[in-house]
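Structure first, commentary second.
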2 protein chains.
Amino acid sequence: MDRIDRKLLNLLQRDASRTNAALADEVGLSASSCLRRVRRLRQSGVIDRIAAILNPAKTGRTLKAVVTVELRLHGEPNTRQFLDLAAREEAVAQAYAVTGEVDAVLILRLRDMEEYDALCNRLFQERMNVARYWTMMVIRTGKDDTMVPL
Amino acid sequence: MDRIDRKLLNLLQRDASRTNAALADEVGLSASSCLRRVRRLRQSGVIDRIAAILNPAKTGRTLKAVVTVELRLHGEPNTRQFLDLAAREEAVAQAYAVTGEVDAVLILRLRDMEEYDALCNRLFQERMNVARYWTMMVIRTGKDDTMVPL
DNA sequence: ATGTTTATGCAATTTTATTGCACTCTAGGA
DNA sequence: TCCTAGAGTGCAATAAAATTGCATAAACAT
């Protein structure tokens, strides 16, 4: 994992659709050498996958929200159960068990308030293991990055 | 934007590295027709970009944290300024201005606690516009998805 | 119905990825 | 210092994939 690998990863995180020849050019390698490095990065798992990143606004999911959740019963099995339930929800983009005042944090990508309402009814209803929850609707996005800095 | 487009987007969000021929096969189109659809989805901006998704654990960024921030001075220009400062930080993956008890939420991808400490000193020091902040370290990840459901 | 726009499949063509091979560079050991 | 093993490299040939033109078919509005 040298300087060239890092350069390749940075370029590919931004745009993985360029041709291998162009990529090779940018890092100053031959096409074959470049290809072998990228293949190695994929096989070693540093590159998890190549994916299309959609524009959420153009797909009708314009609302974003951060929800903190306090559970009624704490501890491993209960937290895991809640996290699994949340993960199954389409609108839940991220679900974390965390330290601090609350037990879990969810990041939601919503179509509209109706979807939010339905989700709350499913995840936070009386008979669920949720004591309280706080919703923070996203007003403005300063950054939303899939890139891991190297 | 019909059923086939949605199918294409779902497939490409999972794996954009497959060949166009394979993709065409999966949705039951000819290669040329499939290619033209994907190109259209890219040009219309529904597909923002094709990117390599890295495994954060394999790149040394193993710590994740959610930080809620209460600003001293509220309102548009102050919030924007803080968000811009946060966005410039490498370790900040997401930065949002939100409704609710706090003003902003940050998602951090950290190398170690030292990096966390340094970041806090830069973003939350006395002379910054931050009244208080609460850090929630991520214990377990139930979901962390780049996909937008269709 | 009918003209018009839009999408489709096929086949030819162009572009790109992939491989074998000989060479180079580097680190470690005698 | 010299030698050698291993990994990495570039070139050129080959295989695979993307892209295009064109004729046809489907969808749409009048």
Side-chain angles (χ1 to χ4, degrees), chain A residues 1-62 90 111 145-150, chain B residues 1-62 90 111 145-150:
Chain A
M1 182 72 125
D2 58 5
R3 199 182 51 79
I4 295 184
D5 280 337
R6 269 188 290 277
K7 209 166 170 183
L8 284 173
L9 289 174
N10 271 325
L11 290 168
L12 289 174
Q13 282 192 98
R14 269 177 245 283
D15 175 15
S17 73
R18 79 187 94 207
T19 66
N20 178 58
L23 192 65
D25 232 40
E26 296 203 60
V27 299
L29 280 182
S30 70
S32 57
S33 205
C34 179
L35 186 74
R36 277 185 273 250
R37 270 177 184 263
V38 174
R39 193 185 293 160
R40 186 165 50 70
L41 288 168
R42 271 222 252 179
Q43 283 176 344
S44 69
V46 177
I47 296 178
D48 182 55
R49 63 191 213 280
I50 307 293
I53 307 295
L54 304 195
N55 181 340
K58 298 226 174 184
T59 60
R61 291 194 115 82
T62 50
E90 267 205 338
R111 213 178 285 284
D145 222 335
T146 59
M147 288 188 45
V148 177
L150 304 164
Chain B
M1 182 71 126
D2 58 5
R3 198 182 50 81
I4 295 183
D5 280 338
R6 269 187 291 276
K7 208 165 170 183
L8 285 173
L9 290 174
N10 271 325
L11 290 168
L12 288 174
Q13 283 193 97
R14 269 177 246 283
D15 175 15
S17 72
R18 80 187 92 206
T19 67
N20 178 59
L23 192 65
D25 233 39
E26 296 203 59
V27 299
L29 280 182
S30 70
S32 58
S33 206
C34 179
L35 186 72
R36 277 186 274 249
R37 271 178 185 263
V38 173
R39 193 185 294 160
R40 187 165 49 71
L41 287 168
R42 272 222 252 178
Q43 283 176 345
S44 69
V46 177
I47 295 178
D48 182 55
R49 63 191 214 280
I50 307 293
I53 309 294
L54 305 196
N55 182 340
K58 297 224 174 185
T59 61
R61 291 194 115 81
T62 50
E90 267 204 339
R111 215 177 286 282
D145 222 334
T146 59
M147 289 187 46
V148 177
L150 302 164

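Computation of the quantities below employed the complete heavy-atom set of this structure, encompassing side-chain atoms and omitting hydrogens, waters and symmetry-equivalent molecules. Note that the structure is predicted; figures quoted are calculated from it, not measured. The sequence lines fix the lettering, A, B, ..., with proteins before strands; numbering per chain opens at 1.
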Open item on the list: Restricting to side chain to side chain contact (heavy atoms under 4.5 Å, CB included), what partner residues turn up for A/Ala51, sequence neighbours left out?
Closed with: A/Arg49, B/Ile53
Open item on the list: Under the rule for side chain to side chain contact (heavy atoms under 4.5 Å, CB included), what residues qualify as partners of B/Leu35, not counting sequence neighbours?
Closed with: B/Asn20, B/Arg39
Open item on the list: Judged by each residue's nearest nucleotide on DNA chain C, which is more toward the 5′ side, A/Arg39 or B/Ala31?
Closed with: B/Ala31
Open item on the list: Once rounded to the nearest 0.5 Å, what's the spacing between atom CG of B/Leu23 and atom CG of B/Leu11?
Closed with: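 Answer rounded to 0.5 Å: 6.0 Å.
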Open item on the list: Rounded to the nearest 0.5 Å, what separates atom CD1 in A/Ile47 from atom CG in A/Leu9?
Closed with: 5.5 Å
TODO: Please report the shortest heavy-atom distance between A/Gly45 and B/Asn55, naming the atom on each side.
DONE: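 Between these two residues, the closest heavy atoms are O-CB, 3.3 Å.
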Task: Minimum heavy-atom distance between B/Gln13 and B/Thr146, given as atom pair plus value - done: OE1-O, 4.1 Å
- [ ] Report which part of the nucleic acid A/Arg36 touches: base, sugar-phosphate, or nothing (heavy-atom distance under 4.0 Å, all strands).
- [x]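 Contact class for A/Arg36: base.
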- [ ] Give one of base, sugar-phosphate or nothing for A/Ser32, where a contact means two heavy atoms less than 4.0 Å apart.
- [x]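 Base, at least one base heavy atom under 4.0 Å.
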Task: Pair A/Arg37 + A/Asp2, salt bridge at N-O below 4.0 Å - done: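 Yes, charged N to carboxylate O under 4.0 Å.
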Task: Check: B/Lys58 side chain, A/Asp48 main-chain N or O, donor-acceptor pair, under 3.5 Å - done: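 Answer holds: no.
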Task: Heavy-atom side-chain proximity of A/Ser44 to A/Met1 below 4.5 angstrom - done: no
Task: Contact boundaries on DNA chain D for chain B, cut-off under 4.0 Å to non-hydrogen atoms - done: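 Boundary nucleotides touching chain B, in 5' to 3' order, are D/dA17 to D/dG21.
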Task: Base-paired stems that DNA chain C participates in, counting runs of 3 or more Watson-Crick or G-U pairs under 3.5 Å - done: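 Looking at DNA chain C, the stems formed by three or more consecutive pairs are C:1-30 with D:1-30.
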Task: Outermost DNA chain C nucleotides near chain A [under 4.0 Å, heavy atoms] - done: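 First-to-last contact on DNA chain C, by the 4.0 Å heavy-atom rule, is C/dT16 to C/dG20.
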TODO: List for me each residue that meets side-chain hydrogen bond (donor to acceptor under 3.5 Å, both in side chains) alongside A/Arg111, sequence neighbours excluded, and say none if there are none.
DONE: none
